[in-house]
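Letters A, B, ... are given to chains in the order of the sequence lines, protein chains preceding strands, and every chain is numbered from 1.
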4 protein chains.
Amino acid sequence: MMSLGGQASDTPKNGGLSRIQERNRSLILDAALSEFSRKGFSGATVERIAAEAGMSKSNLLYYFSSKEAIYKATLAHILEVWLAPLKTLDPGGEPARELAAYIRQKIEMSATFPEASRLFANEVMQGAPQILPILEGDLRRLVSEKSRVIQDWIDAGKMRQVDPVQLIFMIWATTQHYADFSIQIKALTGKDLSDPVFFEETENSITTLILNGVGLTAPGNDD
Amino acid sequence: MMSLGGQASDTPKNGGLSRIQERNRSLILDAALSEFSRKGFSGATVERIAAEAGMSKSNLLYYFSSKEAIYKATLAHILEVWLAPLKTLDPGGEPARELAAYIRQKIEMSATFPEASRLFANEVMQGAPQILPILEGDLRRLVSEKSRVIQDWIDAGKMRQVDPVQLIFMIWATTQHYADFSIQIKALTGKDLSDPVFFEETENSITTLILNGVGLTAPGNDD
Amino acid sequence: MMSLGGQASDTPKNGGLSRIQERNRSLILDAALSEFSRKGFSGATVERIAAEAGMSKSNLLYYFSSKEAIYKATLAHILEVWLAPLKTLDPGGEPARELAAYIRQKIEMSATFPEASRLFANEVMQGAPQILPILEGDLRRLVSEKSRVIQDWIDAGKMRQVDPVQLIFMIWATTQHYADFSIQIKALTGKDLSDPVFFEETENSITTLILNGVGLTAPGNDD
Amino acid sequence: MMSLGGQASDTPKNGGLSRIQERNRSLILDAALSEFSRKGFSGATVERIAAEAGMSKSNLLYYFSSKEAIYKATLAHILEVWLAPLKTLDPGGEPARELAAYIRQKIEMSATFPEASRLFANEVMQGAPQILPILEGDLRRLVSEKSRVIQDWIDAGKMRQVDPVQLIFMIWATTQHYADFSIQIKALTGKDLSDPVFFEETENSITTLILNGVGLTAPGNDD
DNA sequence: CATGAATGAGTTTTCATTCAT
DNA sequence: TATGAATGAAAACTCATTCAT
């Protein structure tokens, strides 16, 4: 799990978590994700998180010593999975296939974990008070590395010249938009990514646009 | 100004606003935009808005009867300008030129009014409690209309087949991303849209990607 | 007033205090002295202070931003008057008269402001978290200066050799004891300093003991 | 042990304490003394006491049923030893030798158990909620008895006329001051009673002052 | 128009204590 | 004996809002 710098773990004493602890922590983090992503840090209340996690406020505070601690843990909990897809971009693969796969994964994340996406967006929009160090560290390194991969494809003439970092931004922007702005999208189209048809349609649109945009052709969709 | 349905105007008595009233309302709205966009609705405080507007809390509440009223007014104030670019999409123009112009306008908005973008994003991410009616009404109609324009271009063989609504989403997503996630972008690249070189670069990347993506070629950049 | 380092004043905005402000601050400080001296910092509650000051908790917090701020202000408020007597020790005076006067003043303080004495004792016993800098600075200088005065008297053969600082400590100890331990004294004697006879008796005992102790004779009591 | 009236003993079931029980009770009382003397009753927390005693909060509460019970036990634990010196004042001895010995014992207590002194001071300053009955009972009787001793010495012309009770107060005051106000003394002199030189100096100053004060001469220091 | 004073409802947090094992 | 889990009551704030001037 990606560390958010706080002073060590926030769980009672001993190293290993008991069954109950693990269960409760998990319940809390789920509830917290729901609450924080909907209301933001300030709008969320510990009481509601506790209620949603099915325990008393005091008991919740037995597991996480403060609202901020819950928030940090929630972010950390999410960050790993949220940034995972990019790591799979394989230098040895075909650009079209690799990019298409990456885009698909990102859209799937938006469909499956829209709350995580919104939590992340919220955090960044507030100035990334908690995760700025991670953005400037781990994420920056990861993006550099993957940009290199893309640049190599470009240098090998496999795709059109484009700033790789900007390309990554555009993939993030387009895919996450469907999670972060899902209310707007629903208001305008009546649909969201939970609708398989709309999901397909969206994936096609984004993939086609971006692959065409960088001079590639979408690979046959065989998964 | 786009109405947010609130109970009547929120200005004292008589119809016309005095010079000083108009000035103060404006100061408040500016301060409110800054505060709300940075902290979200719940995180913002009336006191800070008042301080930033250079007046007492009480006086601020003389102009706007409640925090929510300030928030609504700020949203309304912004919405008009925020949605304006799309209106300029001209059915009679060349697709490439029109889309490029639209994209440029959107990026310019992101560069000039990043706070407005974040306020809007925030509002939508919280479930659009205030502007949902507008999204479902005015905006939906506007998007329908402009989708028709794009569809006509497609039908006329001027550009590749693509769902026009999805295309609009992608333009929104990519352009707004540079405002909403500017902290992340700064953490990863060291730059933001206030840097003219980065602005140029970004505009080129987005425009090229999207135009290529829909089978068009970027028009000569002659402005 | 002796500053306790906190970040500036704790009163709203402008420099001068309004009539109401002055009155309320004063009511609060009185109530706070009573509460803090009886219960200590942790045992005191803002609510009780507010109640005793005749106002709502919120209103109290409008005047002092936190419990700690009230505590600091109370200490500062008291310190000046608490340390004043020592300053009157006059190098030009007769040792017996001067010391007797000092002792009398200290006992009077104990009789008049026993709460201040206990607050001070409490603060010091907790490790002087707030006033340590003052003890090490202003007070230390004052004690040095007055020790010099006493040493001069000793050097001039006017009184017996004694460590002047220790003498000061003993005067403090004996006089303040009657405030700080008044409950015990009452339990043992049935009296306290508010009883004029007991006051007289106490003053005589302390003065005689200390003056005799340093080889002086009590001056005729003519005030 | 001096009883504080609480509801029966606070130890589990059977009469005799097991080895481990005795040890734990002792650990708790030590930790409690440290905590209560530093923070006062309200400022102390059961958790910190437990931590300092090296056991869990729950386990501590197995030995003492409540925070107040720990506090009472700590006080009782201390009181005996704290009041012991006065009992040694021997009617048959020489006044100078007896008083000097008493003073020395009191200073030694201040040097050895400053925490006990502060705990006691704290309790009395809060109004002696727990020990008032003892003050009014056992202690009052003891003081009466010893006052009689002193009065007999006075009546026998062995020392100057002085109110014996007041003399006792002054001995208490001066000697305990070095424990209770040790922080202040350290701030003013850089020293405390743990420094043997300062201890000597202090003992001499107090003894000389008080003995001279009552018309006696300090006995040769032969221990 | 403007502000200082006041408040009540809510929110986080602390902590002694109880419960179950 | 011992401890981890859980809780309820209290306490310190925070803040939008109202009142009086």
Review point. Within the structure, does a side-chain N or O atom of A/Q21 lie under 4.0 Å from either OP1 or OP2 of F/dG4?
Key: no
Exercise for review: Quick one: look up who E/dG4 pairs with, Watson-Crick or G-U, both distances under 3.5 Å, and put none if it's unpaired.
Suggested key: F/dC19
Point to revise | Basic-acidic side-chain contact under 4.0 Å: A/E52, A/R48 | key: no
Practice item. Report yes if a donor N or O on one partner sits less than 3.5 Å from an acceptor N or O on the other, where the partners are the side chain of D/K57 and the base of E/dT17; otherwise report no. Key: yes
Review point. Below 4.0 angstrom from OP1 or OP2 of F/dC15, is there any side-chain N or O of C/Y62?
Key: no
Point to revise | Any B/S58 side-chain N or O less than 4.0 Å from OP1/OP2 of F/dC19 | key: no
Review point. E/dT14 phosphate, OP1 or OP2: any side-chain N/O from D/T45 under 4.0 angstrom?
Key: no
Review point. So, is A/Y63 near the phosphate of F/dG4, with a side-chain N or O under 4.0 Å from OP1 or OP2?
Key: no
Exercise for review: Take the protein atom CG of B/L60 and the nucleotide atom C1' of E/dG4, then report the distance between them rounded to whole Å.
Suggested key: 16 Å
Review point. For F/dG4, does OP1 or OP2 lie under 4.0 Å from any side-chain N or O of A/N24?
Key: no
Review point. Looking at B/N59, does any N or O in its side chain come under 4.0 Å of the phosphate oxygens OP1/OP2 on E/dC1?
Key: no
Practice item. With heavy atoms under 4.0 Å as the rule, sort D/A44 into base, sugar-phosphate or nothing. Key: sugar-phosphate
